[in-house]
Student: 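I'd like to ask you about the structure that follows.
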Amino acid sequence: MKRYNPSEIEPKWQQRWDETKLYAARDDDPRDKFYYLVEFPYPSGDGLHVGHVRSYTALDIMARYKRMQGYNVLYPIGYDEFGLPTENYAIKHKIAPQAATARNVATFERQLRALGLGFDWDRQVHTSDPKYYRWTQWIFLQLYKRGLAYQAELPINWCPFEKTGLANEEVVNGVHERCGTPVEKKLLKQWVLRITRYADRLAEDLKTVDYLDRISSQQINWIGRSEGAEIEFTVGGEHETKDSLKFTPELTRLIQAGTKTSTIRLEPKQLVEGDYAKLITRISKDEVQAFAVAKITRVETAKLKDVPLEQEGHEPYASQDEKLKDFQKFYGTTVTDETEFTTYHFEVVAPIVTVYTTRPDTLAGATFLVLAPEHAAVRTITTADQRAEVEAYLKKTQSESEVARQETDRPKTGVWTGAIAKNPITGRDMPIWVADYVLASYGTGAIMAVPAHDERDFAFAKAMNQQFLEAEGPEYLASRPAPYITIAPVIEPIAGTPHGDDHEKEAIVAVVHNPKTNETLLLDWGPRHSNWGGMLFIGGGVEPGEDLVKAAEREIAEETGYTRVKFVRQTEVPVNNYYYSNVKHRHDKARMYGLLFELVDETQVATNMDEGEKNKFTVTWVPDDEVFSTVNDGGHEIIYRMLMREEAFPGEGVLIHSGQFDGLVGIEAKRAITKWLFDQGIGRGATKYKLRDWIFSRQHYWGEPIPIVHCAVCGAVPVPEDRLPVELPAVKSYEPTDTGESPLAAIADWVNITCPQCDGPAKRETDTMPNWAGSSWYWLRYTDPHNDMVFADSAKLAYWTPVDLYNGGMEHTTLHLLYSRFWHKFLYDEGLVPTPEPYARRRSHGMILGPDNVKMSKSRGNVINPDKVVDEYGADTLRLYEMFMGPFDEQTAWSDERLNGVSRFLYRVWTLAQDLLAAPGATTAAPSGDQGAFEAEIDRAVHKTLKKVHHDIEGMQFNTAVSAFMELINTLTKAETKARLLLPESAGLRQRSLRTLVLMLAPFAPHVAEELWHDLGESDSVHVAGWPQYDPELIKDDIVTIVVQVNGKVRANILATPETTEAELTELARADANVVKYLEGATIVKTIVVPRKLVNFVVKP
RNA sequence: GCGGAUGUGGUGGAAUGGUAGACACGCUAGCCUUAGGAGCUAGUGGGGCAACCCGUGAAGGUUCGAGUCCUUUCAUCCGCACCA
């Protein structure tokens, strides 16, 4: 018999498939298309990983399956070649990165081919090929043209080990995600991509695509949209401002640095001497921020040509022409030398601090402001008295590493700046603090602190007050001067659900504690229902005018008989509790104050309850540590928390102490206060995102050069598109520098160039792009990989995109996946791609762990090398095993034993097939009735498998598809079955069963299937054969097992035909001996019959 | 803390609300032998001699019937995290 030898058949067929270009996708094809995409590999020196195999095999199966179904399938591959690991490898081995890449890519391609993966090899893309990165640079220039790529001097994340800047997404817990080095902050001029402009759409459009839940939620989480309000606080004074004066960032900085007087030129405004104006600066297209109030001291009007060349906050202009250009840049091209400008001389009278909050409803409870240490206003607002202390604090926070600052649970620290603002609702003073628990990078870098309703502010207030008291002594407590922080509750909690007709009353909740036994008194009202019953404290109404403590003492005595109790404390605010009164039988709303009592002694008198209350509850003592888990009423739980724990109440509720806003709840309160702020001209609704702009510069050699030229005269000038690509020069040394400058900067004859605009001397940008650049559009290039005219032909894009299914690792969810969606959306806005989203469906394969159930790593030595597995078992075994391991999207550990099990399966397939092939041919005898039944049974098994495999491939449940194969093989190889299959009269059955088996196995184990297919006498490839349709008629069972239950418990199995009627089934079931036993002496209340499945008798004794 | 997911034999894992544990690994016993990374047969959730009983993290609920649906809760994993 022909032996199964994978090392022989696999290379043979791989070569044949390659020669016949079996997997070439056709661009001009009337058939429907499918575009399957896997994340192209980074060709590291380690070679292919078993994780790649899992992903690539799964989509290979789907691609082959769709091809067999007659679709035009695109399943491409390429290499993501730029990046630091290759650069480091090259430096270490003293070879060019280009050479290292070429070598690694060759290894990858060999490995991919050895797995029998059906990629369209002619479409391979290489991101470090100038023919490819020419278009990466081209897309960058389009971004630049639209203002989505800009340069900014930013304190960026700097990895001191790899000596490069990093994107936010590459920093995990304060360390660089790739090398684990603690990240430092470094101030560098950077290229940045304005991904934040797409934040909303990146989140919103997730609704239009089919991504795994955990992928879209992770992206939404990362984008971190939040709705709230910006509120302006004027420091140390109030002034009626008439208008605003817009500033350049340079002037803004100057004033923030402490310059008190300045001038600004603007087109005429209605401001006169003595007016107050708000100074604003533009942050982005639709975002401005106020930063100070200024008093106009003098107003002059002059034509631009008469404006002097020297101006405050500016380098002096070299010429009249240069001055004009600059003004045009700022005020628009309608400006000429004759345009009249009004010059305002002013004096800064009060800095403005703008804060961002998601809780404008708590504004009245804001008792102080906090600025991040990096906030520009810190310098201007700090008073002389506090300067030394503030400086010291700023120094201290600067010296702390990012890692330390990111630790949670660290004690709150901060310093008062000496400055005061006013709360716009209450008019109370709000000391302004600097503290590092406020992040400069989020919102406006400043917050209004509401200690009563925010945990962090609460912790800060506690810590600062403590410090203050220790320093100043308790006598200060009485007067509580400036920096002492007041904790002012402005929200009453709500529990339960209003019914509209709720009967309102004032009430108390008495918590009685017995200090001797450490137990607390509870009333057990029976089983808890939706809004009544359960375990509660003592509750009761308050008579009009009655003292709360008196009322509580009365209720304690009435309901429990205890009279000797001592009042300890009460809650500051009541809880609005909506509940159902089981005593009065109506919906009640109680404004409940919590009161804590201690039991003095156990003296008890007779209880004195209302008629309605009698026998409704029992009194129980519960150990203190079980009280929280025992009380099961929302309102009572809140009361208990407020009494026992010192903490903020962060929930929403009814506003109090908020002036005109009292009584408003939740979202209504937020809206009302936001609107009021807007009307007052001191605030507005605002949306903020956690997502930051994408730091796009890398100070390294091995990346796409950023196609920009810096000219002394023209500034940053894009390299003209017809001069792309800007190729990487050959250099001797690839080492990164310590200065934050790319090694490219050292290559004088590359760097020095003439300006494309003015032909003057200029220098090239020496930063390169991050390795995420090339992968941000590669799926588009696959549709037209050799085009020299455009990045991809629009007709081809229209045919192939969007990608129907994109599979890749979870680790790319907030990196590559987000970046590529951003680029795609931009290209869509430019009319360059046909769809707003690149990928219709995104799935993620689970990680393959080492045999020891931990992540594979070289240092652990638990890495499985796919080459070795292919050598020992063959590619088909590896493919099939990785599909069989477990659910595709869940992580699972490698197991050699199970691999072996799959290998055994393939041997069994092979042996069975060879046996069937060698069996004697057909006889002329017509099949007997018995033979017909046998054939029906085998056909049924085959077609059931076919149906399941079809279903499982569509649903990416590859593990159960493989199980189905195994089951079928088990059925077919059963001694008796197999013997009959080999008989001459089974020749036809044998033939068609084997054909179908081979066809359905083809996507999974392409080599074995191909070999057997040819053994069956076929000359074309099995992979271009049509996918077999299952026949629903053949699947129908002639006999079904009916489960008979009595009261839901299985008591018998009976056999019946699918056509047996319900009545017949019931009769058959009742006749079964075992069922009879259970029905004896009982009455059948109900009979449930599920056709073809079950009969259930519901009986009563 | 927020968001997401997952809890089923000794193990990986199956189960459109209808016989829980398919398939595979491992294990036990036996057979066979052209000693192979074999193959074949039988068994393998727990308890019980048996009839039967119990069993899908826990507790409730809906249902004739729940691993599956609902509520509460616990545990584990992943992501984010002083994001105001």
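What you see is a predicted model, and the numbers here were worked out from it, not measured in a lab.
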Student: Ion pair present between Asp436(A) and Arg410(A), side-chain N to carboxylate O less than 4.0 angstrom?
Tutor: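 Answer for the salt bridge query: yes.
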
Student: What is the distance, rounded to the nearest whole Å, between atom OH of Tyr881(A) and atom P of C23(B)?
Tutor: 19 Å

Student: When the distance from CG of Asn970(A) to P of G39(B) is rounded to whole Å, what number comes out?
Tutor: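 Taking CG of Asn970(A) and P of G39(B), I get 12 Å after rounding.
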
Student: Please work out if Arg214(A) contacts a base, only the sugar-phosphate, or nothing of the nucleic acid, heavy-atom cut-off 4.0 Å.
Tutor: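 If one applies the 4.0 Å heavy-atom cut-off, Arg214(A) turns out to touch the sugar-phosphate alone, with no base involved.
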
Student: Check this for me, if you would: do Arg54(A) and Asp889(A) make a salt bridge, where the nitrogen-to-carboxylate-oxygen distance has to be below 4.0 angstrom?
Tutor: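 Salt bridge absent between Arg54(A) and Asp889(A).
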
Student: Remember a base hit wins even if backbone is also touched, and classify Tyr1078(A) as base, sugar-phosphate or nothing at under 4.0 Å, heavy atoms.
Tutor: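 Sugar-phosphate, backbone atoms only, no base.
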
Student: Sort out the partner of C77(B) for me: Watson-Crick or G-U wobble, both distances under 3.5 Å, none otherwise.
Tutor: G4(B)

Student: U8(B) and C23(B): how far apart are their C1' atoms, nearest whole angstrom?
Tutor: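 Straight-line distance between the two C1' atoms is 15 Å.
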
Student: Check this for me, if you would: do Arg3(A) and Glu8(A) make a salt bridge, where the nitrogen-to-carboxylate-oxygen distance has to be below 4.0 angstrom?
Tutor: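 Between Glu8(A) and Arg3(A) there is no salt bridge, as every charged N stays at least 4.0 Å from the carboxylate O atoms.
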
Student: Looking at C80(B), does its base get a donor-acceptor pair with the side chain of Asn221(A) below 3.5 Å?
Tutor: no

Student: Which nucleotide, A14(B), G65(B), G12(B), lies nearest any side-chain atom of Asn959(A)?
Tutor: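 In terms of side-chain proximity for Asn959(A), the closest of A14(B), G65(B), G12(B) is A14(B).
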
Student: Nearest to the side chain of Leu439(A) - C25(B), A24(B), A84(B)?
Tutor: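 From the listed options, A84(B) comes nearest.
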
Student: When you measure from the side-chain N and O atoms of Arg908(A) to the phosphate of C40(B), is any distance below 4.0 Å, counting only OP1 and OP2?
Tutor: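 Answer yes for this pair, as a side-chain N or O of Arg908(A) is under 4.0 Å from OP1 or OP2.
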
Student: Please determine whether a side-chain nitrogen or oxygen atom of Lys1049(A) lies at a distance below 4.0 Å from atom OP1 or OP2 of C54(B).
Tutor: yes

Student: Whole-Å distance between C78(B) C1' and Leu212(A) CG?
Tutor: 13 Å

Student: How is Val1043(A) classified with respect to the nucleic acid when contacts are heavy atoms under 4.0 Å: base, sugar-phosphate, or nothing?
Tutor: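 Val1043(A): base contact, heavy atoms under 4.0 Å.
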
Student: Using the benzene-type ring in the case of Trp, are the ring centres of Phe368(A) and Phe460(A) under 6.0 Å apart?
Tutor: yes

Student: Across all strands, who's sitting opposite G9(B) as a Watson-Crick or G-U wobble pair, both distances under 3.5 Å?
Tutor: none

Student: Taking donor-acceptor contacts at under 3.5 Å, does the side chain of Gln1045(A) reach the base of G18(B)?
Tutor: yes

Student: With a 4.0 Å limit, can you tell me whether Arg1051(A) has a side-chain N or O closer than that to the phosphate oxygens OP1/OP2 of C53(B)?
Tutor: yes

Student: Once you round it to whole Å, what is the distance between C1' of A24(B) and CG of Asn900(A)?
Tutor: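 Value for this atom pair: 12 Å.
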
Student: Checking all strands, does Glu455(A) fall into the base, sugar-phosphate, or nothing category for heavy-atom contacts under 4.0 angstrom?
Tutor: nothing

Student: Pick base, sugar-phosphate or nothing for Tyr873(A), based on heavy-atom distances below 4.0 Å to the nucleic acid.
Tutor: base

Student: Gly224(A) near the nucleic acid: base, sugar-phosphate alone, or nothing, with a heavy-atom cut-off under 4.0 Å?
Tutor: nothing

Student: What distance, rounded to whole Å, do you find between the two P atoms, one in C54(B) and one in G67(B)?
Tutor: 13 Å

Student: Using only side-chain N and O atoms of Asn853(A), determine if any of them is under 4.0 Å from OP1 or OP2 of G12(B).
Tutor: no

Student: Using a cut-off of less than 4.0 Å, is there contact between a side-chain N or O of Asn1047(A) and OP1 or OP2 of G65(B)?
Tutor: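 Indeed not, no polar side-chain atom of Asn1047(A) lies that close.
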
Student: Is there a side-chain contact between Ser217(A) and the phosphate of G79(B), meaning an N or O under 4.0 Å from OP1 or OP2?
Tutor: no

Student: Regarding Lys1077(A), tell me which of base, sugar-phosphate or nothing describes its non-hydrogen contacts under 4.0 Å with the strands shown.
Tutor: sugar-phosphate

Student: Report which part of the nucleic acid Asn1074(A) touches: base, sugar-phosphate, or nothing (heavy-atom distance under 4.0 Å, all strands).
Tutor: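 The answer is sugar-phosphate, as Asn1074(A) gets under 4.0 Å only of primed atoms, P, OP1 or OP2.
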
Student: Output yes when at least one side-chain N/O atom of Lys1093(A) is less than 4.0 Å from OP1 or OP2 of G18(B), else no.
Tutor: no

Student: Given the C1' atoms of C27(B) and G10(B), what is the spacing between them in whole Å?
Tutor: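 To the nearest whole Å, 9 Å.
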
Student: For Met885(A), report the nucleic acid contact type (base, sugar-phosphate, nothing); a contact means any heavy atom under 4.0 Å.
Tutor: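 Touches sugar-phosphate only.
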
Student: Looking only at atom P, what distance separates U68(B) and U16(B), rounded to whole Å?
Tutor: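 Those two atoms are separated by 13 Å.
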
Student: Classify the ring geometry between Phe1004(A) and Phe958(A) as parallel (under 30°), tilted (30 to 60°) or perpendicular (over 60°).
Tutor: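 Perpendicular: the ring planes of Phe1004(A) and Phe958(A) meet at over 60°.
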
Student: Which residues satisfy the salt bridge (charged side-chain N to carboxylate O under 4.0 Å, His left out) test with Glu227(A), sequence neighbours excluded?
Tutor: Arg225(A)

Student: Is the shortest side-chain N to carboxylate O distance from Asp915(A) to Lys978(A) below 4.0 Å?
Tutor: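 Salt bridge: yes.
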
Student: If you look at every strand shown and take non-hydrogen atoms under 4.0 Å, does Asn1096(A) touch a base, only sugar-phosphate, or nothing?
Tutor: base

Student: Using the C1' atom in both, what is the distance from U76(B) to G60(B), to the nearest Å?
Tutor: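 Those two atoms are separated by 23 Å.
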
Student: In whole Å, what separates the P atom of A5(B) from that of G9(B)?
Tutor: 22 Å

Student: Would you call Lys1077(A) and Glu1080(A) a salt bridge, taking side-chain N to carboxylate O under 4.0 Å as the test?
Tutor: no

Student: Name the closest nucleotide to the Arg898(A) side chain, picking from A84(B), C25(B), G18(B).
Tutor: C25(B)

Student: With a 4.5 Å heavy-atom cut-off, do Val1095(A) and Val1043(A) have their side chains touching?
Tutor: no

Student: Considering Watson-Crick and G-U wobble pairs with both distances under 3.5 Å, what does C69(B) pair with?
Tutor: G61(B)

Student: Syn versus anti for G9(B), judged by chi lying within 90° of 0?
Tutor: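 Syn for G9(B); the angle stays within 90° of 0.
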
Student: Searching all strands shown, indicate the nucleotide that pairs with U44(B) (Watson-Crick or G-U wobble; both distances under 3.5 Å).
Tutor: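 Pairing partner: G26(B).
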
Student: If you check every side-chain atom of Tyr437(A), which of C23(B), C82(B), U19(B) has the closest atom?
Tutor: C82(B)

Student: Please give the distance between the C1' atoms of A15(B) and C78(B) as a whole number of Å.
Tutor: 26 Å

Student: Please determine whether a side-chain nitrogen or oxygen atom of Arg904(A) lies at a distance below 4.0 Å from atom OP1 or OP2 of C25(B).
Tutor: yes

Student: Can you tell me how far C1' of A14(B) sits from CZ of Phe965(A), to the nearest Å?
Tutor: 17 Å

Student: Going by purine N1 to pyrimidine N3 plus the second Watson-Crick contact, or the G-U wobble pair, all under 3.5 Å, which nucleotide sits opposite G37(B)?
Tutor: none

Student: At 4.0 Å (heavy atoms only), tell me whether Thr1041(A) reaches a base, stays on the sugar-phosphate, or touches nothing.
Tutor: base

Student: Within the 4.0 Å heavy-atom criterion, would you say Ser895(A) contacts the bases, only the backbone, or no part of the nucleic acid?
Tutor: nothing

Student: Among G13(B), G37(B), C82(B), which nucleotide sits nearest the side chain of Glu872(A)?
Tutor: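 Looking only at heavy atoms from C-beta outward on Glu872(A), the closest nucleotide is G37(B).
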
Student: Side chain of Lys1086(A) only, please: which of C64(B), A84(B), A15(B) is the nearest?
Tutor: C64(B)

Student: Counting side-chain heavy atoms from C-beta on, which of A22(B), A84(B), A24(B) comes nearest to Met966(A)?
Tutor: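 Nucleotide nearest to Met966(A)'s side chain: A24(B).
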
Student: Looking at G17(B), which nucleotide sits across from it as a Watson-Crick or G-U wobble partner, both distances under 3.5 angstrom, or is there none?
Tutor: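 Check on G17(B): unpaired, no WC or wobble geometry under 3.5 Å.
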
Student: So what's C32(B) paired with, Watson-Crick or G-U wobble, going by both distances under 3.5 Å?
Tutor: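 C32(B) is paired with nothing.
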
Student: Under 3.5 Å, is there any donor-acceptor pair linking the side chain of Lys690(A) to the base of C80(B)?
Tutor: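 Per atom types, no contact qualifies.
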
Student: Verify, without hydrogens or angle tests, whether Trp222(A) (side chain) and Ser217(A) (backbone) share a donor-acceptor contact under 3.5 angstrom.
Tutor: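 Checked: no pair found.
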
Student: Among A84(B), C80(B), U19(B), find the nucleotide with the atom closest to the side chain of Ser226(A).
Tutor: A84(B)

Student: How far does the C1' atom of U41(B) sit from the matching atom of C49(B), given to the nearest Å?
Tutor: 27 Å

Student: In whole Å, I'd like the distance from the NZ atom of Lys948(A) to the P atom of U16(B).
Tutor: 8 Å

